[in-house]
Each structure stands twice: as structure tokens, then as C-alpha cells.
Amino acid sequence: MQHVATATDMTQEKVLDAKKAVPWIIFLIFFAVLNETVFNVSTPAIAKQYAITPTGVSWVLTTFIIFFGIGSVIYGRLSDIFSLKKLIVAGIVIYSVGSALGFLLQAWYPAVIFARAVQGAGASAIPALIMVVVARYFSPSDRGKIFGILTSTVSFAIAVGPVVGGFVSSTLHWTYLFIIPLFTLISIPFFRQILPEEKRKEGSVDILGAVLVAFSVAGITVYLSFPHWYYLAASVVLFIWFVAHIRRAKEPFIEPALFRNKLLRGGLIVGFLIFCTVMGIMFVIPLMLATVNDLSTSMIGLILFPGAICAVVFGTIGGNLADKKGNNFVVYIGMGLLFVSLAAIALTVGHSPWLISAALLPTYVGFSFIQTALANRVSLTLEVHETGVGMGLFNLISFISGAVGTALVAKLLDGGMMEVYKNPILNTIKAVPYSNLLLIFAAVVIISALFYKQIFGKKLYTA
């Protein structure tokens, strides 16, 4: 996983000039992470162009998430063996190739999905490897500050993604979103010049383990979209094979001993439930605003923007609160805000979209609180030598849950299962499935809070 530079390492390796390097790092991180959310508000337009269902259009998001998540873990391991310079350049090139393919082959929807997979495989290299660059090549006095800047950049990129996506889609066409990542090519000469040459190191990558995880996750995600038994069966068989494999491998993709840690298991389960819920919300809200309120992509971006910006600000506040009051305190506040927000949105569907915008504020704030404190809480359950692999697993779970959550929500909407209960408060029949889905999300948040309390204890003010 990530290599943290020791004092000996720093004397042997080049220390980068923060003033020269940080602007380029921010530039690259911004354009890599932007692609996680830039397509969100365009899903209604994509569905209309190809005449596909929410399940079909969800693959524009799901495919990228799956390949981004798996790739992030793989690149982290590769950075301990191969040259960082070559890996970063390769990631940028793959990311750009995927972008070019998506734009050039836009007439065929399967080609668009393939392009999103290539994009995810390339983009995943950037945040994973930049973290290693900071840990390996910056002085200890600069490192903490730079990690803070990276966190803010990631949050800002995720926040403005829907706004950028809405503007480009309404002004030009949604396919021009594929052009945006090509700006990362500008940074290649800088990284080739500033990063030192490195020789190949000892070690190996558990490619089979990574492939088994990737296809197991893809299998269950496909099953959620297209419920044929053989997809589920294939996923289960691949997962069993993966478990047997990591027990025998010398350097397994995921260390089996980690799963004996009860607190880690609990944190991963809570994280899976919450990330599934939030990614499902981020997928369903644009569809809801387009279907129920008949909003354009640019307007949808504006509706989402205030809440997204709140996540940037409150992520830091949540971290400070966790230090002062404890992680449990922040997690419970976050879950409370998330529940209130979901209940409020469920009751205001079909009314003014600006009411939805206001009700979304606690969603973004609550999730930023949970994300910050839960990650910190999980890290405290790990031994020092387990931190890299354990947090890598936590990050992988967040990506996987995002893919599963998006696919599951799309399937529930397609199947008509959300139209059973008709809330009398709603003013249009179109709002019914979305309102019911949001109420289910609220119930999942309560279940997650109760499970967290059981695993991590009843004390409010505790690490």
C-alpha cells in the first residue's frame, strides 16, 4: 500500500519543492476526482438519448466507480514495486485514452460504458499515487499541510462536479464531459521532470486476487441490474475462490487476518450501508428533479451545489469535532442529520426544488461528518503495521458500496416496487416512488446507527 517515508528514506530520495509541486498536484487531483460526479446530473439526458431505463443509465456511474475503486488499491501496491513517475504518466495516459474513446464512440452506448471503465482504470492511479508522492518526496514539515490541501481539493472537485456537468451538458452536449479529463495531459512534462528515476523493487502484486475481487463485485452489481441467477452464482463462486486464494497466497491482495478484527468488520459494515445510501441518493436526486420537477441539467446542478459546498467546509469541522468530542459523537450527529434530511426530502418531493436544495444541506453535512469520523474510528482499530492495508480495504468498501447502491436504486425504480405506499402529503403521483425510496434510505440510516452503537459502544464522547 502507501509507503510512508522514514528519515532514512528522505536522506536517500529527492525532496520536492512544495511551492512548485503543489499547484500541479492540485491540478491533477482536481481533474481526476471531478469525473466521479460530473456525469451525475446528465443521467436523465443520457437515458433519453439512448432510450434506456434508470438501470441502464446507472452503468455510466457504476462502471467508473468499480474500476476506480479496484484500481486505487492495485496502484497503491504497484507503487511499492515500480517507478512512481512511470505509473503516474501511465495513469494519465490511460485516463485520457478512455476519455477520447467515450467522445469518439458516443453513438454506441456499450462503447460509452467501455470508455468509462478505461477512464476509471486510469483515473484511479492519480489520487492513489499522489498520496504516495506526498509521503515519499515531501519533507515532514510540509506533509501534513499538503495532505490537508489534497483533502479540500477532493471535496471541492466532488462538489463542483454536478455544476460543471450541468453547465457543459446544457451549453454543449453531455458527451463533451469526456473532453474534460484531457486537460490532465498538460501535467505529464512536469511530473516527468520533477519526479526522480526509480529502479524496480522486490515484491509482487496479487493480480489473481485483485481480478477475483473485481469480477465478484461486478457480478453482484450486474445481478442487481439484471436478476438472472447465473450472475449471482458466478459472483458467489468467485468470492469463495477469492477467500480460498488469499489463505494460500504469500502476498495476498487482502490480508485474511484483518477480518478477525471485530471492530474493523463492524466499521466496514457500517461504512458499506452508509456509502450505499449516500451514493444511492446522489444517483436518484437528479433523476427525481428531472422527472418530477422537469428541471434541466444546469438547474439540477445549481440545486445540488449549495449542499456539495457545505461538504467541503464541514469535513474540516467534523475532523476538529472528532478530535475534541470523539468519533462516536461526530458519527451520531452525522447520522442524525442524514436521517432528518432524508425524511424532509421524502415529504417535499414534487414541491419547490429549492426546498429539496435546502433539505439536502444536512445530507451533505451529515455524510461529511460520518465519512471523516468513521474513517478515523476504523483507523484506531488497526495496529500500526495494518494501517495501510486496513484503510485500503475501507476505501475499497466505499467504492464497492457506491457501485452496489447505484445499481440497487436503479433496479428498485425500474421494477415499480417503490409505488406501493402513496403518501397523502405528496402533490403528484410522479413523486411516489422517489418519496418511498428516500424513506427506505432513512430506515437504513437508523439501522446503521443502531449497529454502530452495538459495535463501538454506548459512550458518546469516546475515540
Side-chain angles (χ1 to χ4, degrees), residues 36 58 61-62 64-70 72-73 158 210 212-225 232 235-236 238-239 242-243 246 253-256 258-284 327-328 330-332 334-335 338-339 342 363 366-382 386 389-412 437-438 440-456:
E36 286 191 49
S58 71
L61 309 179
T62 301
F64 183 87
I65 291 171
I66 290 175
F67 279 84
F68 194 95
I70 297 294
S72 296
V73 181
I158 292 174
L212 291 174
V213 168
F215 280 95
S216 178
V217 172
I220 191 66
T221 308
V222 171
Y223 173 75
L224 291 170
S225 301
L232 180 61
S235 179
V236 172
L238 289 171
F239 181 74
F242 169 73
V243 172
I246 62 175
F253 185 65
I254 297 174
E255 183 58 51
L258 285 174
F259 294 106
R260 292 194 288 269
N261 184 332
K262 178 184 176 182
L263 295 179
L264 175 62
R265 290 200 311 268
L268 294 177
I269 293 172
V270 172
F272 180 84
L273 292 173
I274 293 297
F275 292 139
C276 260
T277 298
V278 173
M279 287 303 296
I281 296 168
M282 293 302 103
F283 173 68
V284 80
N327 293 301
N328 285 7
V330 177
V331 168
Y332 292 140
M335 289 189 176
L338 201 53
F339 173 79
L342 290 171
T363 293
F367 180 57
S368 67
F369 274 24
I370 296 170
Q371 190 176 31
T372 300
L374 186 60
N376 196 21
R377 189 67 186 85
V378 167
S379 70
L380 294 174
T381 70
L382 302 167
E386 297 174 331
V389 177
M391 294 310 295
L393 182 59
F394 180 78
N395 291 331
L396 179 62
I397 288 294
S398 70
F399 286 116
I400 292 173
S401 60
V404 172
T406 301
L408 182 59
V409 166
K411 187 59 186 175
L412 289 173
L437 189 57
L438 290 164
I440 290 175
F441 285 152
V444 173
V445 172
I446 293 177
I447 293 170
S448 302
L450 293 174
F451 185 74
Y452 182 91
K453 185 177 181 181
Q454 180 182 0
I455 295 295
F456 292 102

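Residue numbers count from 1 along this sequence. Heavy-atom basis, side chains included; hydrogens, waters and symmetry copies ignored. Because the structure is a prediction, the values reported are computed rather than measured.
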Test item: V409 and F441 side chains (from C-beta on) under 4.5 Å apart, heavy atoms: yes
Gap between atom OH of Y452 and atom CG of N328 - 0.5 Å precision: 3.5 Å
Separation of I370 CD1 from Y332 OH (nearest 0.5 Å): 11.5 Å
Minimum heavy-atom distance between S216 and S235, given as atom pair plus value: O-OG, 2.7 Å
Pairing residues for F67 by the ring pair (Phe, Tyr, Trp, His ring centres under 6.0 Å) criterion, not counting sequence neighbours: none
Partner residues of A442 under the side-chain contact (heavy atoms from CB on, under 4.5 Å) criterion, sequence neighbours left out: F339, L342
Gap separating the CE atom of M335 from the CD1 atom of I447, nearest 0.5 angstrom: 11.5 Å
Anything under 3.5 Å between a donor and an acceptor, one on a side chain of residues 263-281, the other on a protein residue two or more places apart or in another chain? List them.
residue	atom	partner	partner atom	Å
R265	NH1	F259	O	2.8
T277	OG1	L273	O	2.9

Rounded distance (nearest 0.5 Å) linking atom CZ of F451 with atom CZ of F456: 8.5 Å
side-chain hydrogen bond (donor to acceptor under 3.5 Å, both in side chains) partners for T363, two or more places apart: S341
Residues, nucleotides or ligands: over 12 heavy atoms within 6.0 Å of F215 CZ: no
